[in-house]
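Reviewing the structure listed below.
Naming convention: chains lettered A, B, ... in sequence-line order (proteins, then strands); numbering from 1 in each chain. Predicted, not measured: the structure shown is a model, and the values here were computed from it.
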Amino acid sequence: MAKITKLDDIVSLCKRRGFIFQSSEIYGGLASCYDYGPLGVELKSNVRSAWWKAVVKMRDDVVGLDCSILMHPMVWKASGHTDQFADLVAECKKCNTRTRVDHLKEKVAEQAEEHTEHIAIDAALAKAQDLSNKVCPNCGTVGQFTEPMPFKLMFETRMGANVDDSMTLYLRPETAQGIFANFRNVLDTTRVKIPFGIAQIGKSFRNEVTTKAFIFRTREFEQAELEFFCEPGTDDHWYEHWKEARFNWYTDLGLKKENLRFRVHDADELAHYAKACVDVEYRFPFGSGDWQELEGIANRTDFDLRQHQRGMRTLNKWFENDRNLTKIELAEEAENYQSGPLSYFDDEQKKRYIPYVIEPSAGIDRSALAFLVDAYDEEEVRGEKRNLLRFHPALAPVKVAVFPLVKKDGMPEIAQNIYNDLKKYFTCFYDQKGAVGRRYRRQDEAGTPFCLTVDGQTKEDNTVTVRERDSMEQVRISTDQLLSHLREKLDM
RNA sequence: GCGGGCGUAGCUCAGUGGUAGAGCGUCACGUUGCCAACGUGAAUGUCGUGAGUUCAAAUCUCAUCGCCCGCUCCA
């Protein structure tokens with residue numbers, strides 16, 4: 001069995017082989033930001049493609065979308081993010097521990113909401129005025145807190161080169177809202193019928209209070225999100241469907257089952273919009289071997305579409321209040337909201353309704369990290385340590401490496417030809433330098449599933465050896481059957 | 001944000017006040033016919049950054065940036 005991998009081992013492998021670098025390293029680095037190197041960009045792109053293939057291409061009921069990161073500020077007003085995507089935190093003067101104000105307990109009552117949803121800043125401020133009776137959960141000191149301070153979890157930027165009439169925009173904290181905002185567009189142009197989903201992969205930004213563990217939690221990150229729209233009443237069925245589908249996606253791509261599990265959110269842990277939520281968790285080698293979320297699958301009900309209908313009814317106030325979101329109150333919901341502009345007309349049942357939404361929301365970066373960690377292995381071969389990444393072929397940055405056994409006797413030329421031919425079909429790598437054993441090991445550490453070697457026999461019978469990464473076994477394959485052989489083995 | 005640890009070559013690390021090192025890796029040439037072989041040669045450092053102390057700082061002090069671990073936090 002593989003030994004316990006430490007995060008540090010993964011970090012140095014990533015640097016050494018060009019998977020992941022610290023951002024802005026030549027300037028001392030920028031906290032929690034990372035860059036993907038030549039191998040990393042292939043890996044990450046393969047993770048994306050595998051998700052897209054499973055969630056969009058292989059299904060008849062999901063279409064894709066790619067929204068802009070910057071959106072109309074009213075989107076975030078309607079979704080609740082501008083009001084609610086902020087925490088009030090107070091710091092204990094005694095021990096300097098910061099705690100969310102709504103998690104503080106009264107000295108006497110000993111009661112606090114364990115896992116409360118975030119509430120509007122104004123309301124929270126009013127509610128949190130009096131901390132004199134609150135107890136610091138860390139040191140037990142009563143009432144020694146700083147003024148509650150709001151943490152803005154959305155990044156702000158300005159649109160418009162002219163400072164005077166530029167407007168504040170937010171970098172999206174999730175890709176989901178772009179999908180809801182385009183729900184009508186997709187309905188009107190693509191002949192989709194409920195149940196159907198809209199999928200999107202893209203960057204999101206959250207000004208997290210704390211980042212964590214390499215690329216696991218970063219402030220800039222990539223999400224793969226699906227909003228699956230279904231008729232109310234069928235939502236539980238689709239929730240179960242996507243739970244299963246998403247869990248299997250990870251195991252199909254090689255994550256070991258024993259490192260993967262579901263964690264169901266308790267009722268008091270649910271976000272304000274969610275009826276149910278479950279996390280797919282992976283046992284990462286940081287923390288104390290902690291289970292950490294890879295993906296959340298939530299039943300978002302009809303919350304978002306209804307909120308955007310309210311937002312659309314509020315647009316006039318946006319102009320009346322000089323584009324100042326904090327002055328705007330979201331319009332009440334229309335009485336006949338079920339037939340509002342974001343409703344769906346079911347032709348068979350002849351009725352209109354706001355669909356329910358099942359949302360599997362995965363982190364591409366943390367998935368890539370999980371695949372890296374899970375694939376990492378060290379083993380002993382003839383007294384030497386062999387490091388390798390046992391990537392699923394679909395995820396391997398390089399699929400096939402091509403070598404001449406030695407660089408003479410015309411072998412490099414033949415190998416070059418094979419390489420030039422194969423690279424039209426797979427990501428390939430050519431190498432003729434040094435001993436062939438060393439080249440094999442280098443590819444092992446990059447996770448390349450197959451190495452082809454042109455040797456003396458090649459000129460006689462047109463066969464090459466195909467060496468498999470995990471077993472190190474070799475078979476001779478005729479060059480004219482190489483492509484089909486590799487295609488079958490790589491499942492491509 | 002708090003506490004602890006750390007930051008020296010691409011990686012792992014040695015160097016505790018006196019001209020910057022090792023192993024691995026990388027590159028070149030030779031050799032080599034299947035698993036990190038061998039020989040010869042070579043390149044590579046803002047000692048994280050900035051200030052201070054000192055005749056002299058990788059080394060001592062302060063600040064700052066970054067990483068790891070533990071808290072806290074994570075709609």
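Here B:C35 presents its P atom at 12 Å from CG of A:Asp455, a figure rounded to the nearest Å. A:Phe284 has its CZ atom 17 Å from the C1' atom of B:C69, to the nearest Å. Atom-to-atom, OH of A:Tyr440 to P of B:C34 comes out at 10 Å; the value is rounded to the nearest Å. The distance from atom CG of A:Asp290 to atom C1' of B:C69 is 12 Å, rounded to the nearest whole Å. Atom-to-atom, CG of A:Leu405 to P of B:A37 comes out at 14 Å; the value is rounded to the nearest Å. Whole-Å rounding puts the A:Glu208 CD to B:G1 P distance at 15 Å. One atom, CE of A:Met472, and another, C1' of B:A36, lie 12 Å apart when rounded to the nearest Å. Separating the CZ atom of A:Arg441 from the P atom of B:C34 is a distance of 15 Å, rounded to the nearest angstrom.
Salt bridge status for A:Glu42 with A:Lys399: absent, with no side-chain N to carboxylate O gap under 4.0 Å. For A:Glu295 and A:Lys243, the salt-bridge test fails: no basic side-chain N is under 4.0 Å from an acidic carboxylate O. We find that A:Lys275 and A:Asp236 are joined by a salt bridge, their nearest charged nitrogen and carboxylate oxygen being less than 4.0 Å apart. A salt bridge is defined here as a Lys NZ or Arg NE, NH1 or NH2 lying under 4.0 Å from an Asp or Glu carboxylate O, and A:Arg390 with A:Asp377 meets this definition.
No contact: A:Leu452 has no heavy atom under 4.0 Å from any strand. Contacts of A:Val406 with the nucleic acid, taken as non-hydrogen atoms under 4.0 Å apart, include base atoms. At the heavy-atom level, A:Thr453 lies under 4.0 Å from base atoms of the strands shown. A:Arg467 comes within 4.0 angstrom of a base, heavy atoms only.
In this structure, the nucleotide among B:C34, B:U32, B:A75 sitting nearest to the side chain of A:Lys408 is B:U32. Nearest to the side-chain atoms of A:Ser12 among the listed nucleotides B:A36, B:U32, B:U12 stands B:U12.
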Please produce a list of atom pairs where a protein N or O lies less than 3.5 Å from an N or O of nucleotides 25-30 of chain B.
{"residue": "B:G25", "atom": "OP1", "partner": "A:Arg438", "partner atom": "NH1", "Å": "3.2"}
{"residue": "B:U26", "atom": "OP1", "partner": "A:Arg442", "partner atom": "NH1", "Å": "2.1"}
{"residue": "B:U26", "atom": "OP2", "partner": "A:Arg438", "partner atom": "NH1", "Å": "3.0"}

Pull out every protein N or O sitting under 3.5 Å from an N or O of nucleotides 62-68 of chain B, one pair per line with the distance.
{"residue": "B:C65", "atom": "O2'", "partner": "A:Gly28", "partner atom": "O", "Å": "3.4"}
{"residue": "B:G66", "atom": "OP1", "partner": "A:Ala31", "partner atom": "N", "Å": "3.2"}
{"residue": "B:G66", "atom": "O4'", "partner": "A:Gly28", "partner atom": "O", "Å": "3.2"}
{"residue": "B:G66", "atom": "O2'", "partner": "A:Gln22", "partner atom": "OE1", "Å": "3.3"}
{"residue": "B:C67", "atom": "OP1", "partner": "A:Ser32", "partner atom": "N", "Å": "2.8"}
{"residue": "B:C68", "atom": "OP1", "partner": "A:Phe214", "partner atom": "N", "Å": "2.6"}

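Taking atom C1' on both B:G4 and B:A75, the two are 31 Å apart, rounded to the nearest angstrom. For B:U59 and B:A37, the C1' atoms lie 40 Å apart once the distance is rounded to whole Å. A distance of about 41 Å separates the P atoms of B:C69 and B:A56, rounded to the whole Å. When the P atom is compared between B:G39 and B:C11, the two are found 26 Å apart, to the nearest whole Å. The same atom, P, is picked in B:C13 and in B:U8; the two are 9 Å apart, to the nearest Å. On the P atoms, B:U12 is 26 Å away from B:G17, given to the nearest whole Å. When the C1' atom is compared between B:U54 and B:U61, the two are found 12 Å apart, to the nearest whole Å. Between the C1' atoms of B:A58 and B:U31, the separation comes to 41 Å (whole Å).
Pairing of B:C60, defined by two Watson-Crick or G-U wobble distances under 3.5 Å, is identified with B:G52. B:U12: Watson-Crick or G-U partner is B:A22, with both key distances under 3.5 Å. Across all strands shown, nothing is found opposite B:C35 as a Watson-Crick or G-U wobble partner with both distances under 3.5 Å. With a cut-off of 3.5 Å on both pairing distances, B:C47 has no Watson-Crick or G-U wobble partner at all. Across all strands shown, B:G7 forms a Watson-Crick or G-U wobble pair, both distances under 3.5 Å, with B:C65. Base pairing of B:C71: its partner is B:G1, meeting the Watson-Crick or G-U wobble criterion (both donor-acceptor distances under 3.5 Å).
For the pair A:Asn387 and A:Glu25, nearest-nucleotide mapping onto RNA chain B gives the more 5' position to A:Glu25.
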Practice task
Show the numbers, then the answer: is there a salt bridge (Lys or Arg N to Asp or Glu O under 4.0 Å) between A:Glu380 and A:Lys385?
Solution key: CA-CA 5 Å; A:Glu380 192 135 317; A:Lys385 196 173 84 170; over 6 Å; no

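By the rule that a glycosidic angle within 90° of 0 means syn, B:G33 counts as syn.
Judged purely by distance below 3.5 Å, without hydrogens or angles, the side chains of A:Glu25 and A:Tyr27 never pair a donor atom with an acceptor atom. In this model, a donor atom of one side chain and an acceptor atom of the other lie less than 3.5 Å apart for A:Asp461 and A:Gln457. With 3.5 Å as the limit, one finds a donor-acceptor pair spanning the side chains of A:Ser478 and A:Asp480. When only modelled atom types and interatomic distance are considered, A:Glu174 and A:Ser204 share no side-chain donor-acceptor pair under 3.5 Å.
Sorted by first and then second residue, the salt bridge (Lys or Arg N to Asp or Glu O under 4.0 Å) pairs with a member in residues 359-375 of chain A read A:Lys44-A:Asp365, A:Lys256-A:Asp374, A:Arg300-A:Glu359; sequence neighbours excluded.
No side-chain donor-acceptor contact under 3.5 Å links A:Arg246 to the backbone of A:Val280. Formation of a donor-acceptor pair under 3.5 Å by the A:Arg306 side chain with backbone atoms of A:Leu342 is not found in this model.
One finds no side-chain N or O of A:Lys15 lying less than 4.0 angstrom from the OP1 or OP2 phosphate oxygen of B:G10.
A donor-acceptor contact under 3.5 Å is formed by the side chain of A:Glu174 with the base of B:A75.
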